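Structure record follows, encoded as structure tokens.
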Amino acid sequence: MQFHLNASLKNVHTFSIDQTCDALVEVTTIEELISVYQDPKWQSTPKLMLGKGSNMLFTEHFAGLVIINKLSGITLTGSDNHHLLHVNGGEDWPSLVKWAVEQDLGGLENLAMIPGCSGSAPIQNIGAYGVELQDVCEYVDILCLDTYTVKRLSKEECLFGYRDSTFKHALYGKAIVVAIGLTLPKVWQPCNHYGPLKSLPEETLSPQTIFNEVCAIRSSKLPDPAVQGNAGSFFKNPVISKDHFDRLQSEYPTIVGYASENMIKVAAGWLIDQCQFKGVNQGGAQVHPNQALVIINYDEATAVDVLKLADRVRQAVLDRFDIRLEHEVRFMGRDGETNLDKALEALV
Ligand SMILES: Cc1cc2nc3c(=O)[nH]c(=O)nc-3n(C[C@H](O)[C@H](O)[C@H](O)COP(=O)(O)OP(=O)(O)OC[C@H]3O[C@@H](n4cnc5c(N)ncnc54)[C@H](O)[C@@H]3O)c2cc1C
């Protein structure tokens, strides 16, 4: 294993912001991962497990060790009714989905083109077009950082929620995802009730046609991080009370919201768009001109540009709709994870 000291992070996260860390190393096996964590040299150093960095903003130099997940390997087994995919954590998620569709293994097609590693997918229970990871997840294998043993968690133990799981709470900082198990039914059922997928003719539905449609929509709507740095949806869709939603709806009849248990999930992109933020710049950062929920690295943006723009967006939405947006993107500060408020405080 090679440790790169004072390494650049520009090419290991999709925002592609010029930021650095004390050290960076790639791990290809669980044994290597354990040896990094047990190495006395790095014992007191903050550590960050990173997949493709597609949900990250490094707000300043990270005075720690970045460990890149390169655990590879996919095994396909099954029972009478299901295919079971055991996927090691460093496998690229979009490549996995494409491969599964090519093998005629249906069930992952709605989750096409979500950047990242398979081992990162359970962290925020990735989701798109009516499907979330929890719908196909059978188990998650973790390396416990107190015992250095691998333990299998059932889907229920992962406590999946909207962009949420136990890995953000009880197991935060205590476990590394080393593999996931996905069950795909042998009798495939399309999930085409969501938005534009509804218009696909029933007789043409197959994993491949849904995959193609999802790829086409995503390519037309979302900026490609390889061209314009970004981390996907910057904010989560806020969940508000029905009363609050009704009040807003009487004033803004076109507000977009979906029932979510007893609450209403509001489209954050719509809120930001109403505040006229599409195409607004702050230094080198910009709210994407066609997709208000995405902040892009328009022109050599610094993390400070992104933070200031995010703050302006959040404040405008709060002032106008009395809704406080929470960022979906994970923020990494000098010594560990941070958030928009703390990162802004650190600027002054
Ligand atoms: C253009 C674009 C579109 C996107 N679209 C969607 C979408 O439709 N739906 C959606 O849900 N998300 C979407 N995202 C967000 C992103 O793709 C997901 O969050 C993805 O799962 C992140 O994977 P990653 O490997 O890049 O994680 P990273 O950004 O590398 O890491 C994210 C967090 O997970 C932690 N982590 C990573 N790996 C591990 C591990 N093995 N064990 C423990 N912790 C770990 C990291 O420490 C970090 O806190 C999009 C992002 C982009 C750039």
Side-chain angles (χ1 to χ4, degrees), residues 9 12-16 21 27 30 33 37 46-58 62 64-71 87-97 110-134 140-145 150 153 158 160-168 171-180 194-195 214-215 217-219 221-237 269 288 291 293-297 327-333 336-339:
L9 293 167
V12 296
H13 75 301
T14 60
F15 242 124
S16 302
C21 62
V27 292
I30 295 176
L33 183 56
Y37 271 90
K47 296 177 192 66
L48 172 71
M49 191 73 200
L50 200 65
K52 304 283 181 186
S54 56
N55 202 27
M56 295 297 301
L57 176 69
F58 291 94
F62 174 52
L65 173 63
V66 172
I67 307 165
I68 310 255
N69 189 347
K70 295 277 179 181
L71 306 176
V87 185
N88 284 336
E91 286 290 341
D92 180 60
W93 177 266
S95 307
L96 172 75
V97 175
N110 295 53
L111 301 175
M113 280 183 80
I114 300 182
C117 283
S118 301
S120 319
I123 309 291
Q124 70 156 11
N125 182 26
I126 57 168
Y129 297 96
V131 175
E132 290 182 311
L133 184 83
Q134 65 176 337
V140 173
D141 286 350
I142 55 168
L143 175 70
C144 302
L145 292 176
V150 174
L153 300 182
C158 293
F160 288 124
Y162 168 59
R163 300 295 175 269
D164 204 17
S165 71
T166 187
F167 307 108
K168 288 186 170 184
L171 289 183
Y172 179 72
K174 296 184 181 147
I176 299 294
V177 175
V178 292
I180 57 174
Y194 197 85
V214 170
C215 290
I217 301 166
R218 291 185 70 101
S219 304
K221 276 176 58 176
L222 287 170
D224 177 356
V227 181
Q228 275 181 324
N230 73 85
S233 303
F234 197 90
F235 294 101
K236 290 185 202 173
N237 290 322
H288 192 269
Q291 186 52 263
L293 198 46
V294 178
I295 294 182
I296 57 172
N297 179 351
H327 48 95
E328 180 178 317
V329 174
R330 309 283 294 263
F331 287 14
M332 206 62 196
E337 186 147 9
T338 185
N339 59 39

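The structure presented is a predicted model; accordingly, all values stated were derived computationally and were not measured. First listed ligand is number 1; within each ligand, the first listed atom is number 1.
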Assess [X] for proximity to ligand 1: is some non-hydrogen atom of it under 4.0 Å away?
X      : value
Gly89  : no
Glu337 : no
Glu132 : no

Protein residue, atom and distance nearest to [atom], heavy-atom basis:
atom                    : result
atom 26 (O) of ligand 1 : Ser54 OG, 2.5 Å
atom 43 (C) of ligand 1 : Ile123 CD1, 3.5 Å
atom 1 (C) of ligand 1  : Asn230 OD1, 3.5 Å
atom 33 (C) of ligand 1 : Arg330 NH1, 4.1 Å
atom 35 (C) of ligand 1 : Met49 O, 4.0 Å
atom 29 (O) of ligand 1 : Asn55 N, 2.9 Å
atom 8 (O) of ligand 1  : Arg218 NH1, 3.0 Å
atom 42 (N) of ligand 1 : Val177 N, 2.9 Å

Stepwise side chain to side chain contact (heavy atoms under 4.5 Å, CB included) check, Tyr162 with Asn125 = CA-CA 7 Å; Tyr162 168 59; Asn125 182 26; over 6 Å; no

Is there a donor-acceptor contact under 3.5 Å from the side chain of Asn297 to the main chain of Phe15?
-> yes

For Leu145 and Lys174, what are the C-alpha separation, side-chain angles and deciding distance, and is it a side chain to side chain contact (heavy atoms under 4.5 Å, CB included)?
-> CA-CA 5 Å; Leu145 292 176; Lys174 296 184 181 147; 5.5 Å; no

Nearest to [atom] by heavy atom, [options]: which?
atom                    : options                       : value
atom 2 (C) of ligand 1  : Gly232, Ser118, Gly51, Ala121 : Gly232
atom 18 (C) of ligand 1 : Lys168, Gln124, Lys174        : Gln124
atom 32 (C) of ligand 1 : Met56, Lys47, Glu328          : Met56
atom 25 (O) of ligand 1 : Pro115, Pro223, Ser120        : Ser120

Considering distance alone, does some N or O of Gly127 sit under 3.5 Å from an N or O of ligand 1?
-> yes

Determine the minimum heavy-atom distance between [X] and [Y], stating which atoms define it.
X      : Y      : value
Met56  : Val329 : C-CG1, 3.8 Å
Leu293 : Phe235 : CD1-O, 3.5 Å
Val177 : Asn69  : O-ND2, 4.0 Å

Backbone, side chain, both or neither: what part of [X] comes under 4.0 angstrom of ligand 1, heavy atoms only?
X      : result
Ala128 : side chain
Asn69  : side chain
Arg163 : side chain

For residues 110-121, tabulate all N or O donor-acceptor pairs below 3.5 Å that involve a side-chain atom, not counting sequence neighbours.
residue, atom, partner, partner atom, Å
Asn110, ND2, Tyr129, O, 2.8
Asn110, ND2, Cys191, O, 2.9
Ser118, OG, Glu91, O, 2.9

Does NZ in Lys236 sit with more than 12 non-hydrogen atoms of other residues, nucleotides or ligands closer than 6.0 Å?
-> yes

Ligand-side contact atoms (ligand 1) for residue partner Cys117, heavy atom cut-off under 4.0 Å | 23 (O), 24 (P), 25 (O)

